[in-house]
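Keep in mind the model is a prediction, meaning the values are calculated, not measured. Letters A, B, ... are given to chains in the order of the sequence lines, protein chains preceding strands, and every chain is numbered from 1.
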Amino acid sequence: MVSFNILVAVALSYVALLFSVAFYAERKADQGRGAWLYSPIVYTLSLSIYCTAWTFYGAVGYAARSGLEFVTIYLGPTIVLVGWWWVLRRLVRIGRAQRITSIADLISSRFGKSKSLGVIVTILAVVAATPYIALQLQSVTLSFAVFAEAGGQPWGADKLNGGAIAVAIGLAIFTVFFGTRNLDANERHHGIVMAIAVEAVVKLFALLAVGAFVVWGIAGGPSQILAQIDASPISQWEQDGARWVGLIFVSGAAFICLPRMFQVLVVENVDERHLNIAGWAFPTYLMLMSLFVVPIAVVGLAILPEGANPDLFVLTVPLSQGRDGLAMFSFLGGFSSATSMVIVSTIALATMVSNHIVVPIWLRVQAGAGAKMSGDVRSVILLARRLSIGGILALGYLYFRVSGGGTALAAIGLVSFSGAVQVLPVLIGGVFWRGATRIGAAMGLITGFLVWGWTLFLPSFGAGAFISETVMAQGPFSIYWLRPTALFGIDGMDALVHGIVWSMLLNALMFFLGSVFSFPTPMERLQGAQFVNVFDYSTGSASRHTDAADAEDLLIMSQRIMGGTEAQAFFQAEAMSQGKSGYLPDVTSHFIERLERELAGSVGAATAHAMMGPLTDGHGMSVEDLIAVADEAAQILEYSNQLEAKSAEQEHTARALRTANEKLTVLSVQKDAFLSQISHELRTPMTSIRSFSEILRDGEMTPAEQERYAGIIHDETLRLTRLLDDLLDLSVLANGQVTLQDQSGDLKGLIDRAVSVAGGDTEGLRILRNPSSEALGVRTDLDRLGQVFINLITNARKYCDADAPQLRIKVGRVSGHYCIDFIDNGSGILAENQALIFEKFARVSDEQKAGSAGLGLAICREIMQRLGGQISYLPGQGGAAFRVVLPPAAILAIR
Amino acid sequence: MAKRVLLIEDEPNIIEAISFILSRDGWTVHTHENGETAMTKVRAFPPDLIILDVMLPGRSGFDILRDLRGDDETAQTPVMMLTARGQSKDRELALRLGANHFMTKPFSNAEVRDNVRALMEA
């Protein structure tokens, strides 16, 4: 007979083994090694926490009491994995994309990061899981008690309680140690997952070993056991179709909704593709787990005395046959089942409790105390989580004590399951239906929770414990249709099916109605879009920062207001300033501030703030409103831009017209002046010609007079001809129709000829030159250059008003250019007229002075422009002074 | 004593032509070429009639006319203006300023002679 002490030693050694496995796995994970940690087999085995002590011990009890119905508990998850894997895949993807830490986190996050939903789900989960944890404590304690009894020392109530406390404390230590070792962003616990995988193997082989022993060791082979089963009452149990459907549904839903299952399925998942393997591997595991349930139950019922607890057949059958080793192995299997469930459950619940209840309260207290948030929040969260683990196990122990250790384990398990699945409508609705709202979710969850509590949870304590027998029979306040087991007067249903049907129905209905009749906040819309369209937003391999999608929404919104290019440029610049590539910066408060300012430039500060408000504090306008505002603002902007463009265009046209008009006016004045001047220039010689021709016609004059008058007429006709020539010349030059000759010569010769043509060096005008400076070879249109010189000399002759007119012709270099200056000793040209003299008949506007330079200077300017040089008036030289600058290309050599 | 005509004009050939025509008709002709000093000349040689060109070096004929009409001694002296710019606004301005006659170049000798005679007789 195995002594109790040895059993304790074995249990402790087993725990020590688990510790080392967990340690080893954590170390490998820290080192980035150990690919096996990420293997789909480990993932599949970790799912086995579905098979708790309830399954390990309870399934046999279930079979002994209710026949084949226990199979439903295995069928539910199998159906989910085989037929509903796409739901799991979506959940896993969302979990990774949104960095979900628990099922409460997922629901809170989906519905606009609602704090209250997180609290509701957390409370629901804790309430539903507590009996289940108590159940595990009880099973471990009972299994110890079994050995104690077999050793001849049956445990009393105090011993049972002490054992339960010891187990609870031990589990708390293990869970705290590995469950809160670090605060990983993705909340993965490699050590624990690995330990659970080991436990999964142990419990499977333990059950298989007991089963094999029962079939071959006791019954004498498969054929005998089949015959025995046929003969036993188990096969005679009538199966209730409604219960089967209800149980398959509940167990399947629980497989997704139980906090611990969500933890291993979604949170601990390292690779989406592992679901593919788990899809067939886990149903296989379940099948093996259920393989020997019926044989053990049948044999147990047959060989053990009447009244033996069938929930403990797995232990008591080997013990009764003196197979202590096998019993010990079986004990370890049960121990594994219980501990793995408790550990994961506690981690999942502690995460929820600390994240959704403890830390928010702490933050509020801190904020109230005026303390800064800069302190080490991590350590606070870890502490909160550790305290939560202790609290949850304490609750479990408390339930164990209060419930008095009821012996029907399976019943508590189902009640617990149906409590957890109240999350299902909101969970599925949240990830598939964009229209689901926070209000609807809260209404559905609360309704489901209340109905479940009323119809299943409270009655599970037994009539009289929480609900008096009168209320059970006649309804609260004698409201008949509110009886816990017959809501709305529908009687005669199985209590479990009744509770499940009503809770799920009302839950889903309220969720639907609440969602339809309430409006989602912008945050909900954004989150909803990301959850429902998770496959558009994320990739399976790389987890993505939540804020990126927010930034994308902001970008879409901003583009409507700022215009695509501007918005993208702004986002890109912001991302760059954060050291990120691409155009989606992290949505920091700094960024939001800057974006708000940027938007304020387009829609005004108040609207911009209203638009950004929902993203910063979660309240404000709906997304439709935002988009409507954005569209409206964009339209107004567009319209006003068009108006602005139009008026700018008109203004531009008006300006152009005004300028053109001014030019035309000036041109018109110039034209009038030009014509007037032409008229003057032509009429003056013609006056002389007419007068003298009349005098000649009249006769009565001396031959000398006659000759003189004929000479005047001749000179004046030449003057007319010259004027007309000049006009044509200027017209040709101004229109650019002139063909320049390419001629070479020397400057001195050119000036010589010009002086000679312009009347020579005479008393009327003395020409002063420095011949040595004129020794310069030039290559240009020499006739045209000569024409310029002639005009300048002629002007000096005509207009120099000195008593002894002189014209100095100087050749020199000024800033690298060869210049020829023509400076006379007259009174020069008034400063205000100097700018005008190169215009055609410029002096026409100066009515105080008769005569005119005519077209001479205008022609000089045109010629010099054509030749590539220039001509200008030189002020401050005493008399009239003109400077001709030769084009650089015209200089050949200095002679 | 022959009546005195002052011709203020800067074109030498025109001066010569008009002087010839009027001398032949019996007038005593004085000439002056500069606009600026024209008024001094008028005071030094009070003429019975002035022939005044518009475009003169130094001062325009219109300014001289304004001075003539503003001076009591010359306010009644007949003035005949000459211009080579055939613009009607010049004629209007001249008559408004008090010119007695306005002639556009080129003119016929008979025209000059007849106009001078008419102005003298008036």
Separation of [Y] [atom2] from [X] [atom1] (nearest 0.5 Å):
X	Y	atom1	atom2	answer
B/F20	A/F692	CZ	CZ	8.5 Å
A/T684	B/D53	OG1	CG	7.5 Å
B/I21	A/I695	CD1	CD1	5.0 Å
B/N13	A/I689	CG	CD1	9.5 Å

Ionic contact status for B/R24 with A/E694, cut-off 4.0 Å
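No.
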If you compare all heavy atoms of A/R690 against all heavy atoms of B/S108, which two are closest, and at what distance to 0.1 Å?
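Smallest heavy-atom distance, with atoms named: NH2-CB, 3.3 Å.
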Show the nearest heavy-atom pair for residues A/S691 and B/N109, with the distance to one decimal.
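Closest approach of A/S691 to B/N109, heavy atoms only: OG-OD1, 2.7 Å.
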What do you reckon, is NZ of B/K41 surrounded by more than 12 foreign heavy atoms closer than 6.0 Å?
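Counting neighbours around NZ of B/K41, more than 12 heavy atoms of other residues, nucleotides or ligands fall under 6.0 Å, so yes.
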Within a 6.0 Å radius of atom CE on A/M701, are there more than 12 heavy atoms belonging to other residues, nucleotides or ligands?
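It does: A/M701 CE has more than 12 such atoms within range.
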Would you say B/E16 and A/R708 make side-chain contact, with heavy atoms under 4.5 Å?
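Result yes, sub-4.5 Å side-chain heavy-atom pair found.
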Going by heavy atoms in the side chains, are B/M55 and A/H680 under 4.5 Å from each other?
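A side-chain contact exists here, since the closest heavy-atom pair is under 4.5 Å.
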Can you tell which part of A/R697 gets under 4.5 Å to a heavy atom of chain B, answering side chain, backbone, both or neither?
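Neither part; nothing is under 4.5 Å.
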A/D715, part contacting chain B, at a heavy-atom distance under 4.5 Å:
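A/D715 has no heavy atom closer than 4.5 Å to chain B.
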A/R683/B/T83 under side chain to side chain contact (heavy atoms under 4.5 Å, CB included): CA gap, chis, key distance, verdict:
CA-CA 9 Å; A/R683 281 168 192 268; B/T83 179; over 6 Å; no
